[in-house]
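Chain A is the first sequence line, chain B the second, and so forth, proteins listed ahead of strands; every chain is numbered from 1.
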Amino acid sequence: MRILFMGTPDFAVCSLAALLDAGMDVCGVFTQPDKPAGRGMALAAPPVKALALSRGVPVFQPPKLRDGTALALIRELAPQLIAVVAYGRILPKEILEFPALGCVNIHASLLPKYRGAAPIQWAIARGETETGVTAQYMAEELDAGDIILSAKTPVGADETASELHDRLKELGAAALIDAVRLIGRGTAARTPQDADAATFAPILKKEDGVIDVSRPAREVYNRIRGFTLWPGAALNGLRVWKAGLVTEGIVDNTCIVCGDGGAVRLIEVQPPGGKRMGIDAYLRGHKL
RNA sequence: CGCGGGGUAGAGCAGUCCGGUAGCUCGUCGGGCUCAUAACCCGGAGGUCAGGGGUUCAAAUCCCCUCCCCGCAA
């Protein structure tokens, strides 16, 4: 089966590697164009590109998907199936309809919950105790496709979005392999989503990381866990990298009291312009 | 040359604008006090002020160059 893979960040690398390791015929990789990134704003290649190049898979970085050139390219590659994992772009209808076996996507939530760009962060921030990954046939509407299969996993009470991300990328890669095999055999399920049960996980902006400490401690803590990786959790102007919920014990000067009287203990922080450090180091030269 | 912040004792910072004795908190070492200490009191050690050049009677501070760290963008 000829497969065209589309993906961009680290999360997708895992899935591409799984396809290649499973000996599947990946005829090409679509990934986002190199973009200025980091200090100096030098052009940086997406993680997926690096892996594809090292494995000798042809890489394509079309700047536009709707001007016809991308479709022409896909015709040339002639994939029977397109596998999309965190590509970061909406595929136009003519591309979705091209492959004979369809387009399969791995989404990092239990659809129809948390449709959108940031399902992992929002699942944590909302205090979910269970989440997972879903393999879906892609529809025009974002993350609204028919479900092939899903895999659940419990969310640890203190788990961060970063930790969950690393677990789900593995789970997602396994789900992709399973889905592709089912599709190959022609036995893949096609269960429509319950649209009424859909919830959304909109892309996070910088200001979403600014956390209102007048909210209940539990909620503040969940948002810290959810937003640490991106866009970054900020309490009173201080970037928080690691924190804990004070369930019992003393509220000391490393804690911030929240709106409901509960408190969050800061463990690792980063002042503006500085590097991250333990709260004890921070308190030697600053006050909370 | 994309923009900005930063580098001062083991750690975290002030001092830099406006040049004139190297400071604070914590740690560390020694002593004291205490039934006791992660408490309190007294004392000490520890600095190439990132590096180089320049201006000056005098530079952490002003000027130029280099190195390193952090943020902005995703």
Side-chain angles (χ1 to χ4, degrees), chain A residues 6-16 29-52 59-65 84-91 107-108 114 116-122 124-125 142-143 160-162 164-166 168-169 172 200-211 223-224 226-244 246 248-256 265-288:
Chain A
M6 299 184 179
T8 301
D10 178 61
F11 189 89
V13 166
C14 208
S15 288
L16 176 57
V29 166
F30 272 34
T31 192
Q32 297 248 24
D34 294 2
K35 285 181 181 170
R39 216 161 296 140
M41 286 284 155
L43 281 182
V48 159
K49 181 181 182 180
L51 174 66
V59 173
F60 306 94
Q61 299 175 280
K64 291 187 173 187
L65 295 181
V84 182
V85 181
Y87 182 36
R89 318 183 78 162
I90 310 271
L91 301 189
H107 183 76
Y114 297 105
I120 300 173
Q121 286 101 321
W122 282 113
I124 298 267
L142 185 67
D143 294 327
T160 64
S162 173
L164 181 59
H165 169 276
D166 288 347
L168 290 184
K169 72 182 182 187
F200 296 90
I203 190 165
L204 288 161
K205 295 171 193 158
K206 194 72 184 167
E207 56 262 32
D208 290 316
V210 178
I211 294 172
R223 289 176 85 95
I224 292 172
F227 297 159
T228 296
L229 184 67
W230 171 258
L235 264 63
N236 304 334
L238 187 64
R239 179 94 181 253
V240 178
W241 285 98
K242 199 171 180 193
V246 179
E248 53 187 78
I250 319 158
V251 175
D252 56 23
N253 64 341
T254 69
C255 299
I256 287 184
R265 166 169 283 111
L266 304 186
I267 298 171
E268 191 177 9
V269 299
Q270 180 175 20
K275 31 176 97 174
R276 49 196 287 191
M277 64 185 78
I279 188 65
D280 56 329
Y282 178 78
L283 288 173
R284 280 177 207 129
H286 305 84
K287 287 172 183 169
L288 273 185

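- Side-chain contact between A/L235 and A/I224 is present, with heavy atoms from C-beta onward closer than 4.5 Å.
- Residues A/R265 and A/D252 meet the side-chain proximity criterion, which asks for heavy atoms closer than 4.5 Å.
- Between A/L204 atom CG and B/A74 atom P there is a gap of 12 Å when expressed in whole angstrom units.
- The separation of B/U37 from B/U61, taken at their P atoms, amounts to 46 Å, rounded to a whole angstrom.
- By the 6.0 Å contact criterion, CD1 on A/I267 is enclosed, its count of non-hydrogen atoms from other residues, nucleotides or ligands being greater than 12.
- For A/R39, the listed nucleotide lying nearest its side chain is B/G71; candidates were B/A11, B/C13, B/G71.
- With a 3.5 Å ceiling on both atom-pair distances, the Watson-Crick or G-U wobble partner of B/G23 is B/C13.
- Contacts with RNA chain B (heavy atom under 4.0 Å) in residues 226-238 of chain A: A/W230, listed by number.
- We find that CZ of A/R284 is positioned 15 Å from P of B/U8, with the value rounded to whole Å.
- No side-chain heavy atom of A/P46 sits under 4.5 Å from any side-chain heavy atom of A/K35.
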Check: protein-nucleotides 36-41 of chain B nitrogen or oxygen pairs below 3.5 Å:
none

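- Out of B/U25, B/A73, B/C13, the shortest distance to the side chain of A/H286 is found at B/C13.
- Separation of the C1' atoms belonging to B/U16 and B/G32 is 40 Å when rounded to the nearest angstrom.
- For RNA chain B, the residues of residues 268-282 of chain A within the heavy-atom distance limit of 4.0 Å (strictly under) are A/Q270, A/P271, A/G273, A/G274, A/K275, A/M277, A/A281, A/Y282, sorted by number.
- Atom CD1 of residue A/I256 and atom CD1 of residue A/I211 lie 10.0 Å apart, to the nearest 0.5 angstrom.
- Along RNA chain B, the nucleotide nearest to A/K206 and the one nearest to A/A42 differ in position, and the one closer to the 5' end is contacted by A/A42.
- Rounded to whole Å, the distance from CH2 on A/W241 to P on B/C70 is 11 Å.
- Counting heavy atoms from C-beta on, the side chains of A/V48 and A/Y87 never come closer than 4.5 Å.
- For the pair A/K35 and A/G285, both in contact range of RNA chain B, the more 5′-proximal nearest nucleotide belongs to A/G285.
- In this entry B/G47 has no Watson-Crick or G-U wobble partner, no candidate having both defining distances under 3.5 Å.
- Separation of the P atoms belonging to B/C3 and B/A9 is 30 Å when rounded to the nearest angstrom.
- One atom, CD1 of A/I203, and another, P of B/A73, lie 12 Å apart when rounded to the nearest Å.
- Taking the P atom of each, B/C70 and B/G12 are spaced 13 Å apart, rounded to whole Å.
- Protein atom CG of A/L283 is 13 Å distant from nucleotide atom P of B/G27, rounded to whole Å.
- Here the side chains of A/D10 and A/H165 are in contact, with some heavy-atom distance below 4.5 Å.
- Rounded to an integer number of Å, the gap from A/E207 CD to B/A74 P is 11 Å.
- Looking at heavy atoms from C-beta onward, A/I90 lies in side-chain contact with A/L142 at the 4.5 angstrom threshold.
- Put simply, the side chain of A/F30 does not reach to within 4.5 Å of the side chain of A/L91, judged on heavy atoms.
- Nucleotide B/G4 forms a Watson-Crick or G-U wobble pair with B/C70, both donor-acceptor distances falling under 3.5 Å.
- Sorted by first and then second residue, the side-chain hydrogen bond (donor to acceptor under 3.5 Å, both in side chains) pairs involving residues 36-48 of chain A (not counting sequence neighbours) form an empty list.
- Atom C1' of B/C42 sits at a distance of 11 Å from the matching atom of B/C33, rounded to the whole Å.
- Identified under the side-chain hydrogen bond (donor to acceptor under 3.5 Å, both in side chains) test for residues 266-279 of chain A, with sequence neighbours left out: A/W241-A/Q270, A/E268-A/R276.
- B/U8 and B/A50 have their P atoms separated by 6 Å, with the value rounded to a whole Å.
- Side-chain atoms of A/Y282 and A/L266, non-hydrogen and from C-beta on, never get closer than 4.5 Å to each other.
- The nearest whole Å value for the distance from the CG atom in A/N253 to the P atom in B/C26 is 12 Å.
- Annotation: B/G44 and B/C49 have their C1' atoms spaced 23 Å apart (nearest Å).
- Every residue two or more places apart in sequence or in another chain that forms a side-chain contact (heavy atoms from CB on, under 4.5 Å) with A/A118 is listed here: A/Q121, A/W122, A/L204.
- For the C1' atoms, the distance linking B/G46 with B/G30 amounts to 14 Å, nearest Å.
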